[in-house]
Every structure is written in C-alpha cells, then in structure tokens.
Number of protein chains: 4
Amino acid sequence: MAPESLRSDARRNRALVLEAARSAFEERGLAVPLGEIARRAGVGPGTVYRHFPSKDALFRATVVDRIRLFTYTARELAEASDPGAVFFRYLAAVVRLSARNKALQDALEASAEGRFRPSAEVEEDFRAALHTLLTRAQKSGDVRKDVDTEDVMALLFGCLSMERRRGAGAPAGRMTALMCDSLRVRRRGNVTKLPVGSVSRNETGCVVCGAAVGGARTGRPARYCGGACRQRAHRERVRARG
Amino acid sequence: MAPESLRSDARRNRALVLEAARSAFEERGLAVPLGEIARRAGVGPGTVYRHFPSKDALFRATVVDRIRLFTYTARELAEASDPGAVFFRYLAAVVRLSARNKALQDALEASAEGRFRPSAEVEEDFRAALHTLLTRAQKSGDVRKDVDTEDVMALLFGCLSMERRRGAGAPAGRMTALMCDSLRVRRRGNVTKLPVGSVSRNETGCVVCGAAVGGARTGRPARYCGGACRQRAHRERVRARG
Amino acid sequence: MAPESLRSDARRNRALVLEAARSAFEERGLAVPLGEIARRAGVGPGTVYRHFPSKDALFRATVVDRIRLFTYTARELAEASDPGAVFFRYLAAVVRLSARNKALQDALEASAEGRFRPSAEVEEDFRAALHTLLTRAQKSGDVRKDVDTEDVMALLFGCLSMERRRGAGAPAGRMTALMCDSLRVRRRGNVTKLPVGSVSRNETGCVVCGAAVGGARTGRPARYCGGACRQRAHRERVRARG
Amino acid sequence: MAPESLRSDARRNRALVLEAARSAFEERGLAVPLGEIARRAGVGPGTVYRHFPSKDALFRATVVDRIRLFTYTARELAEASDPGAVFFRYLAAVVRLSARNKALQDALEASAEGRFRPSAEVEEDFRAALHTLLTRAQKSGDVRKDVDTEDVMALLFGCLSMERRRGAGAPAGRMTALMCDSLRVRRRGNVTKLPVGSVSRNETGCVVCGAAVGGARTGRPARYCGGACRQRAHRERVRARG
DNA sequence: TATGAATGAGTATTCATTCAT
DNA sequence: TATGAATGAATACTCATTCAT
C-alpha cells in the first residue's frame, strides 16, 4: 500500500482519491457519502477501497495530511525571532485555514469522544511543534506561563467552533483575536482592539499577529493591528535586508 | 399538547419520553435513533410520535427546555449586585451544565449551518437575558466594552467545544476561565490563576466567578479564585445581614 | 349491536360515525385513516370500534347503505310505465350519484378481486331489483335481449370508471350515454346524439333517459335528448293528471 | 441508464427487476411492497434502487413499457386495409392484454386523480396512434363520428374495469364487444351477437374484430363473429394472394 | 360507556462495504 | 487492476387495533 510500490496509474488514482476526499470532507464533513468522493475522483468506489481499507481510514488520511502541513509550518516558525508575534500569528493562521474545514471539526469532535484517533504519531508531532512555539513565546514573556500545550490545542479547537458560529456575521478572526488576548501576558496596551459593528475590510487581519484590525471605513486599509506589530514588522524588514 | 390538559397516563408517558429523549440526545446527539429513545422511555415508537410530530420536534423540545432554564437563571441574576462576578459566574455555570450535553452542541452546530432553528423566540429570549447581564458587567467596568452579545454567545459555544475536548484530562472550567480572561477589563491582578498540572479538587470552581481555582493539594479546598472574589463574597454577606 | 338495543347516546354516536364514515369514504376511499373518520364524527377511535368491529366492517356498512338506497329506488321504478325510458334513466342516475363516490369504486374493485364482499344479501337484492327493470325493458323491446343482469352491473361499474376518468373534461353522463347505446335495440334513430366538443350546459342530461343532451350554446337549455323522450314525458304527464 | 451501456450482470439484473416489478405490479398494483419485488427478482432492495430511483419510477417504467407496446401495435395497424375491423380488433386486443393488469388500472386511476403521470410523451404517443386508428375507422363509415379519442380512451379504461369485474364469470371480451357496439355506426345487422349463458369456447373472440363469438358447444369452433367478418377475412386473403 | 393513548408491525429509502465483471 | 453493481442492515414514520383511564 505504500505509494512508492504502486504502479504509476495506481499512484495517480490514489492521489486523485485523496484529493477528492479532502475537498469533499472539508466541505461536508464525515457525513459525505463515499460514493460522492468516488464520483469526484472519477473512479469507482471499489478503487477507493483498494487504496484505503475503510471510509474512516480515508478520512484519517486526509486529516493527517492537513495536520502534517500545520506541523511543518510550526517547525519552520520555531526558529523565527520574535516568538510572541510568531506564536499568535500562527494560531490565527491555523484557525483561518481550518475555519471552513468541516473535516477537521468532525475529526476533533470524534477524537474528543474517543471514536476516532487520527494518528497518534501525527498528533504527537503537531503537539510537539506547537509546544516549541508556545514555550518560546512564554520565555520571551509574551504568553502567560500557566497555560500548557493542551490548553492551546483546546483553544484552537474552540476558535474553530466560534469562527464557524459567528460565520458571515463577523469579520474573520474576531473570535480568534479575543482568545489570543486570554493568552497574552497582561501588559499595558497589549489588548487587541476589536472592531465594533460588522466590518468587512481587511478580513485577513493583522499581517503580523492575525488579530482583527479595526479601522476607519475609508482611507488605506490598516495592515497592522497596532504600533507594536508595525514595529515588529519593521525590525523584520531591517534584519532581512541584512 | 399542553401537559396539564392530558390524561394522567399520557402525561406520564410524555414526561418519560421527554426525559428519555433528553438523556439520549445529551449523550449521543441528534444521531441517536428514535427507536432507542422509545426503548429508553419504555414505550413504542408510535407513542413518541403521538407526543411529538417528528424526531426534530422532539429534539427541539429537549433543547428548548434546556435553553429556557438558562434564560430563567439569567433573568434572576439580572438584579444581583456585583454584575461582573455574576456575569462570569453565569458563563461558567452555563458551560459547566452544557459541557456533557451533545444535544446542545448538535443544535448549535446545526443552527450555525442553518439546518435547524430551535425556536426563534426562545433563542431571542436567551440572547436578551444574556445581553442584560453583559451590559451591566460592562457598565460596572468588569468587562471590556468592545464585545457584544453575539461575541459572548460564540464564546459560550467555543467553551463547550473546548471543555469537551479537554474532557477528563483537565479540571472542568479551566478553558472557561481562560476565556473569561479575554473578556475582562485589564486591571492589575485580575487574571485568573490557572492551576498547573491536572487537578481534581474543587471542580466547580470559584464560588463567585466560576473560574478554576488553583490550590494546594492538601488543606482546606479554596472557595475563591483570589482575594478579589473573597472580598466580594464578604461584601455580599455583610449586605445580606442588613 | 342492533341499533334499537342501544342507549340513546350510543345510538346517536353510531349514526354520527356512520355519517362521518360515509362522507370520508366517499371522498377518499378505503385509504382514509380510521382516525380521520373518528375526528369527523367527533368521537374517539375507540368509539368507532365499539360500534363496528373493524374498519372493513364500517366500510361495508356505508357501502351497503348506499346500495340499499339504489335497490329501493329500483323497486319503486319497477312499477312505472315506459320500462325502456325508466331503465336507461335509472342507469344514468345510479352512475351520476356514484361517480364522485370513491367508496363505491373501491368496494367494487375489492369485490372484483374477491377481497371484499359488501353483503351477499344486499347485493342480491340489488341484483334482483335491477333484473326486474332490465327484464321489463327487454320485454318492451327497448333493450337487446342478449344481455343479462351481470352485464348491466358490469356496465354500471365501467361507467363509474369512465366518468371518473373523463372527469372535468367532459359533460357528466357522456360516457354513460355512450354505453347505454350499446344496450339499445337498434332502431332507426334511437342512438343518443353526443355533443361534440366540451359542453357545460345541461350537465345532468336528458331528464327522461339521462343521456347527454347536445344543444345550442344559446337559448333555453334542452330538457330532452330528442323527440322520443319528449313524447314519453308528455304521456307521463297526461297519465299523472289522470 | 440505457440498457445497452450496462455491464452484463447489471443488464441481467435490471431485466430481472423490471420483469419482477411488472409481474408484481400487474398482480397486486402499486400496493405491492418494493421488498416483494426485490425478492421476486432475487436481488436486494438496494439493487432495485440502483436501477430505479424510486418505487414510483419503477412503476412508471413498467407501465410505460406496456403502453409503448400498445402504441407500436397501433402504428403498425395504421396502414392496414379495412380500418373498421382493425379498429375494433385493436380495442379488443388492448383490453384483453390489460384486463388482468392491476398496474395499468392503478396507473389510470392515479392519473385520473392527478397523482401520477406515467410519461406525458408516452401517453401522447399512444393517444396519437389511437387517434389515427379512430379517424380512419370513422372515415370508412364504421365508427360513429360524434366520439373523439378521449372517449375511446375512457371506454378502454371502462372496459378494463368491466372485464375485471365480470372476471371468471363471463367469457373474456364480452363487455368489450358490448362497448364496441356503442361505437358502431348503426347499420342493419352490425350488432355483435353476444353469447347467452357462460361460454368458455373460443375465448379469444372473433379473429377479425375481437368480439365474442357465440357458438354451439359442439362442432368446429367459430372463427368469426358473423358473416360480415368472415367476408372481410376472405377479401383480405384474396388481396394477400395478389 | 366514551375517550384517546399506546402499541408495533410494516415500508421506502440510504449507504458502507463486498465482489463479479 | 479498475469498475461499478449488489448487498442488506439500519431508520423515520404511519396507522389499524387494543386497552387503560
């Protein structure tokens, strides 16, 4: 079953199935019929079963792939300077990338109920990578010291639910910004300013920390949630130049 | 359909069905087969349908009942002094009472996807009651002013997810306490002290604000999360005495 | 169970049920739920069962009532002069009165399949009365001699089906008039003139033989399908006067 | 869904299902459970659903198949000489082939109530083919001119009901012969002679017009209902020889 | 006695999985 | 090997009939 041992057409089909499953699961969650996935992949259900022993296994595979992606990103960021900003930016990014992903929600839900375990190894890898980011941010004094990796994972989970709930009614990232605040070490002025009312500008949030940026409805859209992030971005640019 | 107008046997069975449905839905969510509910209630499926026109209606009834309970509580608390503590305590209580309740989660999930609306009226009542609590807590300077009722509802939703996730691994209320911090106005020392490691003592949290109380493993269990709440409780006692 | 042995309220309820059943069965046929009948009668289903041992029995009772009515009418007409006109008029009337009656159709249908026998006695009475009318009409030379009572009963059945089918698209009685022609002894001009196109005037047909009357769209609507029937009606009036 | 594009096993099963459905529906009408059909076909219910999206669709398919058969026959006959005989023979054949067919009755019944439409196209084709036969028979002076295609369709419907009713008690086609008489132009001697009493010989009727043939209980069974048809058959033979 | 609540068998339909082609 | 057809268990809902109130 290892990909490299397959004939080229089998390898291609495996990829097609995986990609179709990913998109189908992301849109409709575990409830999507397996036949729908096969149709999207342009293969028969039998072919799906040739590559994955059960629907659950296929689901696991797609979720695992996604989590692995997050793990890789976290590892890359582990070396970055400014651990605090990196940490918050990372959380925001994960939530943003997962908010529309019903597969992840279902996986987390099922995992919480013990019905499903994506992959002990993959989960552990993610946890480890997240742990590194968290620890650095705590050491740099940006994140309170009484939270642990499990807390952050739970917060991520909660943010997904919340972003789903607020949905179209609020700018993306608003709830995430709120949760991030609960992790920050209390310092003068380090609270995200939440926009009041419904805002549609700058929906991707602060380019540094991912927090929602409140701002005037006119003029050039703000790129940073505040002076702190602008300064950080500046320092990064300086260093990059050499 | 009003309970008081029913024959005694019907009233009894209606209650049995409702109770069976509540427990079944709370444990397994909407996915529980209707036949299972009938079996738990000790009646035939036809009896369930006599009292509720569809599975959805039955589900709605159980959820609505629960939400109404929350609304009543919120209304009672609306008159209490110390709006900040009351507000946080209330959030903690709602989460605590809903954390094991898969029915509520499914309802919120379905509601978020527009598949299901428990009852526009009941939902609005709850929102209004929550709004009152929130507004008072904001006026008293305990809650930041840039969050609105929808934010708090989303936060509740997220806390449910998080508490489910952390499950047995962490003291109940830990995630909720964290979330509450994100709502607090930043003042010196008003951050909840989260316990480090897994704790099982005092699982109901601070009797004033519901936040998790960290404490020594020995000695008399702490009733308050900190000095602020102890002082508040004291003032309450003094006032009550006259 | 005999009506005269019941208490007055029971007798009243029996009548209510029977009447409700009649209307319900006539509108919707055997498929109507028994609960619907009970509701129409303003009683509980238990009461229906008190008076009739099964849904089938109730159905039978309503159908039998209707057939008995037809039998009585046939007996009264058995003495009338002009047996030919009376015979055809009777057939038309029976069809007209039964065309909207889904109960009768279902009964005949079920009877044809041997699933249901309304009541041997009642059916036999009807057959006998019809036989008398038929025989007289054959003796008077108006009806061909090679048809028997069973044929006529089948024709009645067929006419019901046909009238149902043509439904709103054609004047009531058109198909019946056509079928009656097949029974007539062939004589010069004794064929019904069928209206061409869709007609809505004079929908009850010739007052003597029930055949469709074709006619001008304006002016006084014709009462007779032709001269023969007009003359017959005249003779009747003369005799009635004495 | 086109049979020729299916795999051999699917094609075989589709045919089995269709055949099982046809026989089941013909015997018991729409009321037959789908599971019964699956059992008769020797397949699972899922297989039935693979080929037909719903019970109704399957029903429609069987009925449509049958009607199409009638349409094809009518088209073939449209070129035949002797339009009158052909017309009557055709009616008799349709009734004979449908008399035991509860599916058709249910379809017509449901269609009359607007609950069901087999297929607008198929129905229209049949109507058109029948129209051709009727018009030719009217032009040749064999059928009265004041009936239209709808009348004939209704008559067909009625004959089905009647033949069902007379059932085993009478020779097949007796009621149909009667109906045909109602359509004939009145000419000296063109009335079918109905057999008196119950007859079982020659149940397929006159080979020319399909009308019942009455005859002696002994001797060579009559092939024609009378001299007129015998003569027609003779002329046909002469012409065929050239 | 009347009521109407309880019963539970019956049915259309879906879909994960297996297996013939 | 890929296909997609077959399988059959599972489930919401209806309604004739029985029986407690």
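Everything quoted here is computed from the prediction, not taken from an experiment. Order of the sequence lines sets the chain letters (A, B, ...), proteins ahead of strands, with each chain counted from 1.
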Quick one: is [X] getting a side-chain N or O under 4.0 Å of the [N] phosphate, OP1 or OP2?
X: H51(A); N: dT1(F); answer: no
X: N13(C); N: dA2(E); answer: yes
X: R50(B); N: dG4(E); answer: no

Would you kindly give the [atom1]-to-[atom2] distance between [X] and [N], to the nearest whole Å?
X: R39(A); N: dG4(F); atom1: CZ; atom2: C1'; answer: 12 Å
X: I37(D); N: dT13(E); atom1: CD1; atom2: C1'; answer: 14 Å
X: R11(A); N: dA2(F); atom1: CZ; atom2: C1'; answer: 17 Å
X: F52(B); N: dC13(F); atom1: CZ; atom2: P; answer: 14 Å
X: R14(B); N: dA6(E); atom1: CZ; atom2: C1'; answer: 16 Å
X: L58(D); N: dT11(E); atom1: CG; atom2: C1'; answer: 15 Å

Is there a donor-acceptor pair under 3.5 Å between the side chain of [X] and the backbone N or O of [Y]?
X: S119(A); Y: V122(A); value: yes
X: K55(C); Y: L30(C); value: yes
X: S54(D); Y: A57(D); value: yes

Q: Using the closest heavy atom to pick a nucleotide of DNA chain E for each, name whichever of G42(C) or S54(D) lands nearer the 5' end.
A: G42(C)
Q | From V43(B), L16(B), N13(B), residue fulfilling side chain to side chain contact (heavy atoms under 4.5 Å, CB included) relative to H51(B) | A | N13(B)
**Q.** Note, I67(D) side chain near E123(D) side chain (heavy atom, < 4.5 Å)
**A.** no
(Q) Just so I know, are the side chains of R14(C) and R50(C) near enough to count as touching, which here means a heavy-atom distance under 4.5 Å? (A) no
Q. What stems involve DNA chain E, if each pair must be Watson-Crick or G-U and both of its distances must be under 3.5 Å, with 3 or more such pairs in a row?
A. E:2-21 with F:2-21
Q | From S98(C) atom OG to L104(C) atom CG, the distance as rounded to the nearest 0.5 Å | A | 5.0 Å
Q) Roughly how far, to the nearest 0.5 Å, is the CZ atom of F25(C) from the CD atom of Q105(C)? A) 14.5 Å
Q | 5′-ward residue of the pair D9(B)/V48(A) relative to DNA chain F | A | V48(A)
**Q.** Along DNA chain F (nearest heavy atom to each residue), the more 5'-positioned of V43(D) and R12(B)
**A.** V43(D)
Q. Residues two or more places apart in sequence or in another chain: which of them pass salt bridge (Lys or Arg N to Asp or Glu O under 4.0 Å) with R60(C)?
A. none
Review item, nucleotides 14-16 of chain E N/O atoms under 3.5 Å of protein N/O:
from: dA16(E); atom 1: OP1; to: K55(A); atom 2: NZ; distance (Å): 2.8
from: dA16(E); atom 1: OP2; to: L34(A); atom 2: N; distance (Å): 2.8

